[in-house]
Amino acid sequence: MSVLVYTESEQGVFKKAALEVASYAKAVANQLGTTVTAITINIDDVTVLGNYGVDKVLKVSNAQLGSFNANGYAETIKQAAEKEGSQVVVVSSSADSKYLAPLLAVGLNAGYASNVIEAPTSTSPFTVKRTAFTNKAFEMSQINTDVKIIGVSNNSFGLVENSGNASAEDFSSSISDSGVKVESVDKATDKVTIADAEIVVSAGRGLKGPENWGMIEELADVLGAATACSKPVSDLGWRPHSEHVGQTGKPVASNLYIAIGISGAIQHLAGINASKVKVVINTDAEAPFFKAADYGVVGDAFEVVPQLIEKLKAFKAQQ
Amino acid sequence: MKILVCISHVPDTTSKINFSEGDTKFDTNGVQFVINPNDEFGLTRAMWFKEKQGANVTVVNVGGADTEPTLRKALAIGADAAIRVNTLASDGFSVAKQLANVVKDGAYDLVIAGRESIDYNGGMVPGMIAGLTDANFVNNCIGLEVDGTSATVIREIDGGKETVSTSLPLVIGGQKGLVEESDLRIPNMRGIMMARKKPLTVVEPIDANAETTSVKFEKPAPKGAVKLVSADNLDELVNLLHNEAKVI
Ligand SMILES: Cc1cc2nc3c(=O)[nH]c(=O)nc-3n(C[C@H](O)[C@H](O)[C@H](O)COP(=O)(O)OP(=O)(O)OC[C@H]3O[C@@H](n4cnc5c(N)ncnc54)[C@H](O)[C@@H]3O)c2cc1C
Ligand SMILES: Nc1ncnc2c1ncn2[C@@H]1O[C@H](COP(=O)(O)O)[C@@H](O)[C@H]1O
């Protein structure tokens, strides 16, 4: 019966998204009058989950699941859902969760709604609100199957604290050999990722060339932000593809999005509209971004950004 | 190697999105449809396998007759044959069931789909096809090489990328990076002429339930006007972000 939530960790620490999906699972459990069970993979200390509404934790320790493999993870979550008799399984919108969720849906023969942004509006029929048309609209989607999988959009539901205690028990799954083997990982561990970032500093063609990104990185550093860019900037090779955000790039759902020298084309805005507060810095007061932004500065990035860095440093020093 | 490229027929990225029939249907009036951008990258990569490794490339769409121009465009870009499964695409799971059936029927070695369609943004069809056909699956694919029955795939992960090795049969969820933007092809006259002669087969759907149903759409609430801050007064911006927006 209990709502099952897959709580992801990285290097032994729960991701913020894990605590957000736990909060979400608690809201669903309240609606259904049941409890929340979390499943964790290779993490020792799970006590924090109790603070976000989890009643029970199924702890999996398995060296075969040491690096992410979508099949093995999906099989493990499936077996946990079956053990718990869960009718609802909640996952996040991380790259890994989006990778395993469709496999899990097939395994459980479950309808899957991705990019869900609110607690269900009704549990019978089971109806959730999700973003569609790349943030240009919302869709109310009804899940018709007995078992339902919900993928929660990052930063949409938020963290809801709940003082409680989670009991923990060991759980082992039987998994088949993965047909996909990780050979090498190339990942900057010292940088905030766009997916996890609370703040994203993004720059466009207005910056004129890759040599001018120093100030963008510095601004991001001061704010503890991730860096991003518009599509032409990555197409021109000024910045890596992984920084391209927008309708055909990565979606951004941060608390603050700062756009510097970005015009605000519809395809760009579609991908970043889910951000809560948007700031634009652009020389052209007519740039479409000003219609989408909450705060704007009409000015030259080469003058505004260095000054803003100084102001923010002074502000941070006072905090 | 037999490659199947799944083509989703989606509104052009510049489209204004409207709904009709009491906000229950997507209003296609005045909307121009295109090949889903993620699928276009995949199709272009498939052309490389065709030209360099002699692969045979079929494109497939699950949809009504109105999607045929999109399939013809894929043929004009260079695919050898097209299949349309004659049913309206209702939800991701049922579309995946239709596509899995096509994959089994045609014994494809490699299925290239997009990481996500830009209309419903389900992000589920490729993984479900893999699950339903017991094929290997790599999502967020930004690089793909095939050598015999082994494949090396580069996958984008949060904050970086990883290289994985796997084998055929394989399904990938592809995106930009599979090929570069500059590699995308615009069909030329010859391609368009040839496309008319290539086979576009219409097949009837299998029975498949819709596991999810779209009941209503909403548009985001209109936004208030931007607050402008003078470039000489950035303290004010810091102040607003801290005290008003509470984001720093
Ligand atoms: C199918 C398709 C998909 C697309 N998908 C995406 C996507 O996912 N993401 C995306 O970003 N784009 C996407 N685009 C491209 C999009 O249409 C725009 O071309 C792109 O977003 C523009 O990037 P930009 O704002 O950096 O450059 P520009 O439009 O060239 O704008 C540069 C801006 O910088 C300003 N500027 C110039 N100098 C300065 C200065 N010194 N200080 C401050 N401001 C300055 C200018 O006033 C201008 O507004 C897509 C396009 C298509 C056709
Ligand atoms: N109706 C369809 N016909 C063919 N392929 C589709 C269809 N819908 C989705 N796909 C494929 O699945 C990918 C992901 O779609 P989705 O899961 O809807 O986000 C798309 O990029 C296509 O490759």
Side-chain angles (χ1 to χ4, degrees), chain A residues 70 94-95 98-99 102-103 105-107 111-115 127 132-134 136-145 179-188 191 193 195-196 223 235 241-242 247-248 255-256 266-267 277 290 292-299 303-304 307-308 311-312 315, chain B residues 13-14 17 37-38 92-93 118-124 126-128 130-132 136-140 142 156-167 176-177 181-182 209-220 223 226-229 231 234-235 237-238 240-242 245 247-248:
Chain A
S94 69
K98 284 194 155 181
Y99 185 176
L103 298 169
V106 171
Y112 163 45
S114 56
N115 306 330
T127 314
F133 297 95
T134 330
K136 291 179 190 167
F138 302 108
E139 178 193 21
M140 303 303 302
S141 177
Q142 189 178 307
I143 312 180
N144 307 324
T145 42
V180 178
K181 188 164 158 279
V182 178
E183 300 289 348
S184 65
V185 180
D186 173 6
K187 179 170 172 166
K191 280 186 82 184
T193 66
D196 294 333
L223 289 167
D235 289 342
H241 282 315
S242 54
Q247 186 163 15
T248 53
N255 287 332
L256 173 61
I266 187 166
Q267 298 97 346
V277 176
F290 284 98
D294 302 279
Y295 303 101
V297 179
V298 179
E303 285 159 24
V304 174
Q307 281 185 51
L308 183 59
K311 304 277 184 201
L312 283 167
F315 164 78
Chain B
T13 55
T14 55
I17 303 298
N38 288 321
F93 210 155
I118 61 165
D119 52 359
Y120 290 88
N121 311 119
M124 63 180 80
M128 286 174 167
L132 292 165
N136 290 318
F137 172 49
V138 183
N139 205 12
N140 297 92
I142 52 171
E156 188 171 272
I157 55 179
D158 290 334
K161 57 188 176 186
E162 69 183 20
T163 304
V164 302
S165 61
T166 182
S167 59
K176 186 170 107 173
E181 183 81 14
S182 52
N209 288 338
E211 314 295 16
T212 58
T213 326
S214 209
V215 283
K216 207 170 168 76
F217 295 97
E218 271 172 37
K219 298 232 277 184
K223 240 198 58 43
V226 61
K227 260 192 199 172
L228 289 180
V229 178
L234 295 173
D235 283 321
L237 181 61
V238 174
L240 286 168
L241 292 177
H242 180 59
V247 286
I248 60 170

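Letters go in sequence order (proteins before strands), and every chain restarts at 1.
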Quick one: of Asn139(B), Asn121(B), Asn38(B), Ile17(B), who has the most non-hydrogen atom pairs under 4.5 Å with chain A?
Asn121(B)
What part of Ile118(B) is in contact with chain A, defined as an atom under 4.5 angstrom from a non-hydrogen atom: side chain, backbone, both or neither?
both
Which atoms of Leu223(A) come close to chain B, meaning under 4.5 Å heavy atom to heavy atom: side chain ones, backbone ones, both, or neither?
side chain
Against chain B, label Ala70(A) side chain, backbone, both or neither, depending on which of its atoms sit under 4.5 Å from a heavy atom there.
neither
Report the residues that fulfil ring pair (Phe, Tyr, Trp, His ring centres under 6.0 Å) with Tyr120(B), sequence neighbours left out, ordered by chain and then residue number.
Phe133(A)
To the nearest 0.5 Å, tell me how far Gln307(A) CD sits from Leu234(B) CG.
5.5 Å
Residues in side-chain hydrogen bond (donor to acceptor under 3.5 Å, both in side chains) contact with Lys227(B), at least two apart in sequence or another chain
Glu244(B)
Before you tell me yes or no, could you show the steps for Glu183(A) and Ser165(B) under side chain to side chain donor-acceptor pair (under 3.5 Å), namely the whole-Å CA-CA distance, both residues' side-chain angles and the distance that decides it to 0.1 Å?
CA-CA 7 Å; Glu183(A) 300 289 348; Ser165(B) 61; 2.5 Å; yes
Of all of Leu256(A), Thr248(A), Thr127(A), Asp196(A), which one pairs up most often with chain B through heavy atoms under 4.5 Å apart?
Leu256(A)
With a 4.5 angstrom heavy-atom cut-off, is it the side chain or the backbone of Tyr99(A) that approaches chain B, or both, or neither?
both
Between Met140(A) and Ser214(B), does a side-chain contact (heavy atoms from CB on, under 4.5 Å) hold up when you go through it step by step?
CA-CA 6 Å; Met140(A) 303 303 302; Ser214(B) 209; over 6 Å; no
Applying side-chain contact (heavy atoms from CB on, under 4.5 Å) to Leu228(B) and Phe290(A), what does each step give before you reach the verdict?
CA-CA 9 Å; Leu228(B) 289 180; Phe290(A) 284 98; 3.8 Å; yes
With a 4.5 angstrom heavy-atom cut-off, which part of Leu241(B) approaches chain A: side chain, backbone, both or neither?
side chain
To check you understand the geometry: which heavy-atom pair defines the closest contact between Ser114(A) and Met124(B), and what is its length?
OG-CE, 4.4 Å
Heavy-atom closest pair (Thr166(B) atom, Gly179(A) atom, distance to 0.1 Å) is OG1-O, 2.8 Å
Of Thr193(A), Val180(A), Val185(A), the largest count of non-hydrogen pairs under 4.5 angstrom with chain B goes to Val180(A)
Quick one: OG on Ser184(A) to CD on Glu162(B), what's the gap to the nearest 0.5 Å?
8.5 Å
Can you see which heavy atom on Lys187(A) is nearest to which on Ile157(B), and at what distance?
CD-CD1, 4.0 Å
Pick from Val297(A), Ile266(A), Asp186(A): which one has the most heavy-atom pairs with chain B under 4.5 Å?
Asp186(A)
Heavy-atom distance under 4.5 Å to chain B: side chain of Val277(A), backbone, both or neither?
side chain
With a 4.5 Å heavy-atom cut-off, do Ile248(B) and Leu312(A) have their side chains touching?
yes
Among the listed options Thr13(B), Asn136(B), Leu237(B), the residue most often paired with chain A at heavy-atom distances under 4.5 Å:
Thr13(B)
Between Asp235(A) (side chain) and Ser182(B) (backbone), is there a donor-acceptor pair under 3.5 Å?
no
Identify which part of Asn115(A) has an atom lying under 4.5 Å from any heavy atom of chain B, answering side chain, backbone, both or neither.
side chain
Name the region of Lys216(B), side chain, backbone, both or neither, that has any atom closer than 4.5 Å to a heavy atom of chain A.
both
Evaluation steps, side-chain contact (heavy atoms from CB on, under 4.5 Å), between Lys223(B) and Asp294(A):
CA-CA 8 Å; Lys223(B) 240 198 58 43; Asp294(A) 302 279; 3.8 Å; yes
From OG (Ser242(A)) to CG (Asp158(B)), nearest 0.5 Å:
10.5 Å
Tell me the closest heavy-atom pair linking Ala130(B) and Leu103(A), and the distance in Å.
CB-CD2, 4.5 Å
The interface call for Lys191(A) against chain B, heavy-atom contacts under 4.5 Å, is neither
Restricting to non-hydrogen atoms, name the atom on Ala137(A) and the atom on Pro220(B) that form the minimum distance, rounded to 0.1 Å.
CA-CD, 4.1 Å
Given that the side chain runs from C-beta out, which part of Val238(B) has a heavy atom under 4.5 Å from chain A: side chain, backbone, both or neither?
side chain
What distance do Gln247(A) atom CD and Thr14(B) atom OG1 have between them, rounded to the nearest 0.5 Å?
9.0 Å
Assess whether side-chain contact (heavy atoms from CB on, under 4.5 Å) is satisfied between Val106(A) and Phe93(B), documenting all intermediate values.
CA-CA 8 Å; Val106(A) 171; Phe93(B) 210 155; 4.2 Å; yes
Where on Phe217(B) is there a heavy atom nearer than 4.5 Å to chain A: the side chain, the backbone, both, or neither?
both
Heavy-atom closest contact (Val247(B) atom, Asn255(A) atom, distance)
CG1-O, 3.7 Å
